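What follows is a set of notes on a single structure, which appears directly below.
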Amino acid sequence: MLALVFLVALTTVLVWDYFWRKRRNDILHYMPGPRGLPLVGNALMYRGLDAEQIMGFVSKNRNKYGPLYKVWVLNQLAVFSTDPHDIEFILSSQQHITKNNLYELLHCWLGTGLLMSTGKKWHSRRKIITPTFHFKILEQFVEIFDQQSAVMVGQLQQRADGKTAINIFSVVCLLALDIIAETAMGTKIQAQMSPNLPYVQAVTDVTNIMTTRFIHAWQRIDWLFRLVHPGMAKRQDSAIKVMHDFTENIIKQRRQALVSAGKQEKEKEEIKEDDDLGQKRRMALLDVLLQSTIDGASLSNDDIREEVDTFMFEGHDTTTSAISFCLYEISRHPQVQQLLVEEIHEVLGVDRHRPVTLRDLGELKYLENVIKESLRLHPPVPMIGRWFNEDVEIRGKRIPAGTNYTVGIFVLLRDPEYFESPDEFKPDRFDSTSPQTHPYAYIPFSAGPRNCIGQKFALLEMKSTISKLLRNFELLPLGPEPRPAMNIVLRSANGVHLGLQPRSVLAS
Ligand code: HEM
């Protein structure tokens with residue numbers, strides 16, 4: 001009897017599963033992809049895969065199935081694309097702006113801030129936040145990049161002995177946190193000087209926990225994660241509370257200051273002296289949000305908090321990865337380093353203490369090519385995704401509603417069809433005289449209306465910190481080679497190592 005009940009239940013589930021997938025499978029009959037099993041789809045392919053293997057795995061699939069293929073992971077349908085023509089169609093559209101389930105994990109920290117929101121909310125927030133990155137505001141941030149990079153140089157002096165291998169990733173992470181806290185919230189958190197402060201510790205804790213949950217797909221199911229790892233879940237919740245309380249406090253203080261000053265309009269244009277340190281007072285992202293209104297109503301503290309938290313996350317993890325891998329490439333390519341030093345010498349002169357300006361950074365053209373090439377080989381965001389809630393036709397190919405559309409940025413950036421000798425580090429391919437590739441083949445910052453709003457900010461921050469290090473140190477090829485791993489952003493399983501040696505004369 002029991003066996004019969006089981007058989008009936010199993011048959012019912014199998015029939016339900018068949019019909020649940022049928023429409024989507026019928027529409028995608030033309031698309032290659034691995035053969036799936038009932039119920040689990042292709043989930044077994046992912047068995048035992050760790051973060052280090054993901055990139056190799058998706059590259060292998062691309063070679064086997066081509067630039068557009070489908071995969072079922074349990075009951076979720078994913079279509080992977082690495083064809084820049086198709087990607088252009090999706091990313092340039094105003095319609096396909098809803099993110100897929102890759103991002104859900106971040107919800108408890110970031111809410112529905114700019115990265116995660118969709119529809120009307122995303123449109124209105126994007127409109128408000130865009131002016132934050134006006135060059136007038138970025139110009140003020142350059143000073144912060146320079147000052148915080150000087151702190152990093154000071155911290156590294158004693159380790160710059162020409163023989164110690166330094167894991168530069170963790171050093172850069174604290175620098176990036178200091179920079180984003182000061183630019184986004186207008187607050188110095190002193191991460192580099194005091195890495196054990198509760199807020200700094202909380203950001204590090206949550207980023208690490210999210211990373212673990214990202215790798216072990218089942219941990220992304222919240223109730224299961226809480227059931228199996230109650231200790232980790234508790235640590236995550238309390239760290240998120242520390243961050244939320246911290247951000248909320250700052251929002252309250254700055255709102256209060258604006259109200260009591262009673263001169264919001266004046267504040268918008270004015271950059272006045274700071275009372276305590278005698279430094280210039282700058283507009284932070286937070287100030288723009290405090291002064292913004294949607295349909296006549298100002299944003300609530302909660303609304304603002306999710307945006308500030310989004311910037312704190314997007315603005316530090318990505319740049320940490322980008323700067324670290326770029327420094328690594330420079331340390332392994334002495335000729336590139338030599339050309340960089342010559343350019344820095346020419347643009348900034350030999351006085352390594354002279355602060356840099358926005359205009360200086362604009363003139364570091366070769367450095368820009370080096371950064372672009374490093375972002376190509378080591379894209380901090382290796383994949384992005386969209387959710388299709390209706391059927392979509394991409395250049396004659398129909399993709400059904402209920403699909404997670406995934407853009408394989410990492411694979412695309414090493415596609416030999418668009419980049420000659422794709423695994424080689426060749427900054428000259430970005431020289432203005434070199435032939436250009438398809439514009440949607442090079443998308444480390446994504447593209448279209450939902451591209452990275454912080455792209456200019458990130459490039460300036462990178463130029464500023466990398467040039468600062470090169471003005472002070474020679475980068476040496478010391479330590480183990482990195483083992484790239486996809487952990488929400490691109491990291492390295494064993495850190496990113498290099499050696500430093502004081503640069504006595506900044507000359508060729
Ligand atoms: C090298 C560093 C960076 C890289 C490679 C990068 C890359 C990206 C990519 C690929 C996206 C698109 C994500 C998607 O479609 O799901 C994105 C979005 C975003 N980035 Fe960045 N990012 C970087 C730095 C920054 C910085 C410094 C900030 C803030 C200061 C920032 C803020 C954002 C925000 C808020 C979004 C969401 C934009 C929207 O959906 O409207 N990013 N970034």
Side-chain angles (χ1 to χ4, degrees), residues 87 90-94 96-106 110-119 121-130 132-133 137-138 141 144-145 172-173 175-185 284-286 288-289 306-326 368 371-387 404-410 412-413 440 442-466 488-491:
I87 291 170
I90 295 301
L91 294 188
S92 63
S93 135
Q94 287 284 351
H96 307 298
I97 58 166
T98 303
K99 299 295 176 76
N100 69 11
N101 61 14
L102 264 181
Y103 301 74
E104 258 161 38
L105 198 57
L106 297 165
L110 309 182
T112 46
L114 199 60
L115 180 69
M116 317 269 273
S117 57
T118 187
K121 177 170 180 177
W122 173 77
H123 274 284
S124 56
R125 292 284 172 88
R126 179 91 188 194
K127 212 165 127 195
I128 287 176
I129 295 174
T130 297
T132 314
F133 293 95
I137 301 212
L138 290 179
F141 291 168
I144 298 174
F145 301 156
V172 172
C173 183
L175 161 79
L177 266 177
D178 270 339
I179 288 178
I180 195 64
E182 201 171 342
T183 50
M185 302 194 279
L285 159 78
L286 175 55
V288 180
L289 294 174
E306 59 188 11
E307 298 303 348
V308 174
D309 287 339
T310 297
F311 275 75
M312 286 303 298
F313 168 69
E314 270 289 314
H316 98 275
D317 228 17
T318 48
T319 46
T320 299
S321 167
I323 294 170
S324 305
F325 279 107
C326 190
E368 189 158 321
I371 289 172
K372 283 184 176 162
E373 178 66 342
S374 178
L375 288 172
R376 186 185 69 78
L377 284 176
H378 313 282
V381 182
M383 278 180 200
I384 56 173
R386 297 287 185 271
W387 171 252
N404 288 289
Y405 182 82
T406 305
V407 176
I409 294 182
F410 177 87
L412 177 56
L413 292 177
Y440 279 73
Y442 184 74
I443 51 165
F445 291 100
S446 183
R450 275 213 97 150
N451 71 346
C452 175
I453 200 168
Q455 174 170 350
K456 285 197 188 118
F457 178 114
L459 286 173
L460 288 172
E461 177 179 344
M462 290 186 74
K463 278 183 165 182
S464 175
T465 54
I466 293 168
I488 307 184
V489 302
L490 185 79
R491 291 169 178 235

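For ligands, and for the atoms within them, numbers begin at 1 and follow the listed sequence. Bear in mind the structure is a predicted one, so any value in this text is a computation, not a measurement. The figures here come from the full heavy-atom set of this structure, side chains too, leaving out hydrogens, waters and symmetry mates.
Summary of contacts: the protein heavy atom closest to atom 13 (C) of ligand 1 is I384 CG2, 3.8 Å. Of the protein's heavy atoms, Y103 OH, 2.5 Å lies nearest to atom 16 (O) of ligand 1. In terms of protein heavy-atom proximity, atom 14 (C) of ligand 1 is closest to K99 NZ, 3.3 Å. Nearest protein heavy-atom contact of atom 40 (O) of ligand 1 is R450 NE, 2.9 Å.
In R126, the part holding a heavy atom less than 4.0 Å from any atom of ligand 1 is the side chain. Within the 4.0 Å heavy-atom criterion, the part of N451 lying near ligand 1 is the backbone and not the side chain. Residue contacts with ligand 1 for R386 involve side-chain atoms from C-beta outward but no N, CA, C or O (heavy atoms, distance under 4.0 Å).
Below 4.0 Å from some heavy atom of P444 lie the following atoms of ligand 1, by number and element: 5 (C), 7 (C), 10 (C). Near F457, meaning under 4.0 Å from one of its heavy atoms, ligand 1 places the atoms 27 (C). Contact atoms of ligand 1 toward A322: 1 (C) (distance under 4.0 Å to a heavy atom of the residue). Near P380, meaning under 4.0 Å from any of its heavy atoms, are these atoms of ligand 1: 5 (C).
Of all protein atoms, those that are N, O or S and lie under 2.8 Å from atom 21 (Fe) of ligand 1 total 1.
For N100, the side chain to side chain donor-acceptor pair (under 3.5 Å) test picks out no residue, with sequence neighbours left out.
The closest side-chain heavy-atom distance from V381 to S446 is not below 4.5 Å. Side-chain contact between F313 and I180: absent, with no pair of heavy atoms (C-beta onward) separated by less than 4.5 Å. Within the 4.5 Å cutoff, side-chain heavy atoms of I129 are placed close to those of L289.
Here the shortest heavy-atom distance to atom 30 (C) of ligand 1, taken over W122, F325, F311, belongs to F311.
The local environment of NZ in K121 is crowded, with over 12 non-hydrogen atoms from other residues, nucleotides or ligands closer than 6.0 Å.
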Worksheet item: Can you check side chain to side chain contact (heavy atoms under 4.5 Å, CB included) on F457 and I137, steps first, answer last?
Response: CA-CA 10 Å; F457 178 114; I137 301 212; over 6 Å; no
Fill in: R491/T320 under side chain to side chain contact (heavy atoms under 4.5 Å, CB included): CA gap, chis, key distance, verdict
CA-CA 9 Å; R491 291 169 178 235; T320 299; over 6 Å; no
Item to complete: Could you walk me through whether E314 and I453 pass the side chain to side chain contact (heavy atoms under 4.5 Å, CB included) test, one step at a time?
Response: CA-CA 10 Å; E314 270 289 314; I453 200 168; over 6 Å; no
Practice prompt. Might you work through the side chain to side chain contact (heavy atoms under 4.5 Å, CB included) test for L91 and H96, ending with a clear yes or no?
Written response: CA-CA 7 Å; L91 294 188; H96 307 298; over 6 Å; no
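The only member of T118, I384, L115 that meets side chain to side chain contact (heavy atoms under 4.5 Å, CB included) when paired with K99 is L115.
At under 3.5 Å, not a single nitrogen or oxygen of T319, backbone or side chain, sits near a nitrogen or oxygen of ligand 1.
Assignment of I180 to the shell around ligand 1 is supported, since a heavy atom sits closer than 4.0 Å.
With values rounded to the nearest 0.5 angstrom, T112 atom OG1 is found 12.5 Å from L106 atom CG. Taken to the nearest 0.5 Å, the NZ atom of K463 stands 12.0 Å off from the CZ atom of F145.
Under a 3.5 Å cut-off, the side chain of R450 and the backbone N or O of I97 do form a donor-acceptor pair.
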